[in-house]
J.: 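Could you have a look at this structure, given as structure tokens, before my questions?
Order of the sequence lines sets the chain letters (A, B, ...), proteins ahead of strands, with each chain counted from 1.
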Amino acid sequence: MADATGPSAAPATSAETEKKTSVGIVEPESKPQTAEIKRWGDMVDDEEQPGDTASSSDDKVVEELKVDKLAIDDSKKINKFLDDPEDSSIQAVTSGDTPYTSAATFEDLNLSPELLKGLYVEMKFQKPSKIQAISLPMILTPPYKDLIAQAHNGSGKTTCFVLGMLSRINPNVKRPQALCICPTRELSIQNLEVLQKMGKYTGISSECAVPMDSGNNDRSRSRPPIFAQVVIGTPGTIKRLMSQKKLSIIDMQVLVFDEADHMLAKDGFQDDSLRIMKDIERLNAQCQVLLFSATFDETVKNFVSRIVRKDYNQLFVKKEELSLDSVKQYKVYCPNEVTKITAIKDRILELGESLGQTIIFVNTKRSAGMLHKALVDLGYEVTTIHGALTHEDRDKIVKEFKDGLTQVLISTDVLARGFDQQQVNLVINYDLPVKYETPSEPHYEVYLHRIGRAGRFGRKGAVFNFVMTDRDMMIMEKIDKYFGTKVKEVPSWNSEEDFKAALKEAGLL
DNA sequence: AAAAAAT
């Protein structure tokens, strides 16, 4: 148990010279991938790492995996309407000399028959996505090392950690063995639903640990202890259950942080997350920690690499390759609030359901309420979600949207991350996401997460960024520069043709 | 003071 923690705890076989090859991640040899490029071991973290991590980065091997788009198209693309989200590089850094082989099929992963059945029958998956192919062997191969994994929005990260949790449960132990912490109630519920679907045939028990009925007076202290084998929830509730001894962590094998960059940011849930992690670590030093997100800015990246166990694996994507090609981004100049509302009304809502579903992001609850009232007063059916609503209302609004009963959802950043609704083709940034402390700076991570609500799993999508002020103009320029994109301008907010042309170009009309 | 979580 304790021997799995130290850097020296690598498996007995430690042939220094074999390190490069033994660490390798082998691409599935299925296709004639002549265009595949591999680069080995020469580039350690391109970030400047002071002395403290020198020893750990020495024994890491970096590999850049690139699959040429054409090679994929030629070979196995079945659905030509889906852009392949896999065709960008993921940078893998493995540690120690554990060999990993990329999983070409789910069968390669030694999953239980019940779990495989869940993947094929319930989830209707055929083969692992790129992040799944690379990360799952790292997650599932003993010795169980911590993993920091970045992958594109909608590329299937949830499946990675859900499979990780499900496949490590001892069915005979009827106590919590896997814990997943999420930033919002909605994401916790969504992840639990995925886990229950995927694990349908496994008999594994699971439970959500999120704040309960807000409607009544807080009698929530009478919550019973948790015996479920997998627990997914929000930090405050998890922390409370732990301190009340209603959530046993003695058997914990896997600890997952979804949206890990936010969970471990100091303006996020750093304190709660660290507390939970430390408590579990203290009782259970071998517990595997998995950190997943589409974004890790340099600060967080540096921080998280220090808090996981020394001998960890990591997968990262360059920020210039993080934007989804399948989601076309636009900016629209609107001189004032009224024109923003008119543009939504005349250019978007009037098109009706042909666009699929739409999410309109705003920066504040007040802005959400204002826009909601304006559109409802104009006679349109929109729903709105933000953190000031009751839990019941939030659940209801999300459910209606997921069931397709509502087409247009106004939201604060409560749904910016992780929310997965495949029918969302259009995202509107009614307000541009900015950093709170420095409102002239874009919030790059929030921007990327918001636009990632469209284009799930390679689907086509469009984003309209409403630009009202000079400051907004600058923010869009900074976003372009940061992500290496060139967000096109819709010439006139008042032109039906302009919008239709944009939507057509995005593949939505 | 913000989004969110929770006290």
J.: Answer yes or no: is there a donor N or O on one side and an acceptor on the other, between the side chain of Thr390(A) and the main chain of Asp393(A), under 3.5 Å?
T.: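 Yes.
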J.: Does anything in residues 372-383 of chain A form a salt bridge (charged side-chain N to carboxylate O under 4.0 Å, His left out)? List the pairs, not counting sequence neighbours.
T.: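 Residue pairs passing salt bridge (charged side-chain N to carboxylate O under 4.0 Å, His left out), neighbours aside: Lys373(A)-Asp377(A).
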J.: Tell me every residue that passes salt bridge (charged side-chain N to carboxylate O under 4.0 Å, His left out) with Asp498(A), counting only those two or more places apart in sequence or in another chain.
T.: none
J.: Return each pair, listed once, that meets salt bridge (charged side-chain N to carboxylate O under 4.0 Å, His left out) where at least one residue sits in residues 422-431 of chain A; pairs must be two or more places apart or across chains.
T.: Lys340(A)-Asp431(A)
J.: Among residues 257-267 of chain A, which contact DNA chain B at a heavy-atom distance under 4.0 Å?
T.: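 Within residues 257-267 of chain A, the residues near DNA chain B are His262(A), Asp267(A).
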J.: I need the full list of side chain to side chain donor-acceptor pair (under 3.5 Å) pairs touching residues 435-445 of chain A, with sequence neighbours left out, sorted by first then second residue.
T.: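 Every side chain to side chain donor-acceptor pair (under 3.5 Å) pair that includes a residue of residues 435-445 of chain A, provided the two are not neighbours, is Glu441(A)-Lys478(A).
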J.: Salt bridge (charged side-chain N to carboxylate O under 4.0 Å, His left out) with Glu122(A): which residues, sequence neighbours excluded?
T.: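 Applying salt bridge (charged side-chain N to carboxylate O under 4.0 Å, His left out) to Glu122(A) gives Lys200(A).
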J.: NA contact type, Lys239(A), heavy-atom cut-off 4.0 Å: base, sugar-phosphate, or nothing?
T.: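 The residue Lys239(A) makes no contact with any strand.
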J.: Which two nucleotides bound the region of DNA chain B that has atoms under 4.0 Å from heavy atoms of chain A, read 5' to 3'?
T.: dA1(B) to dT7(B)
J.: Describe the nucleic acid contact of Arg417(A) in one word from base, sugar-phosphate, nothing, applying a heavy-atom distance below 4.0 Å.
T.: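 Answer is nothing: Arg417(A) stays at 4.0 Å or more from every strand.
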J.: Write out all pairs satisfying salt bridge (charged side-chain N to carboxylate O under 4.0 Å, His left out) with one or both partners inside residues 226-239 of chain A, taking only residues at least two apart or from two chains.
T.: Lys239(A)-Asp272(A)
J.: List the atom pairs, donor and acceptor, that lie under 3.5 Å between side-chain atoms in residues 342-354 of chain A and the rest of the protein, sequence neighbours left out.
T.:
from	atom 1	to	atom 2	distance (Å)
Thr342(A)	OG1	Val338(A)	O	2.7
Arg347(A)	NE	Trp493(A)	O	3.4
Arg347(A)	NH2	Asn494(A)	O	3.1
Arg347(A)	NH2	Asn494(A)	OD1	3.3
Glu350(A)	OE2	Tyr380(A)	OH	2.4
Ser354(A)	OG	Leu351(A)	O	3.0

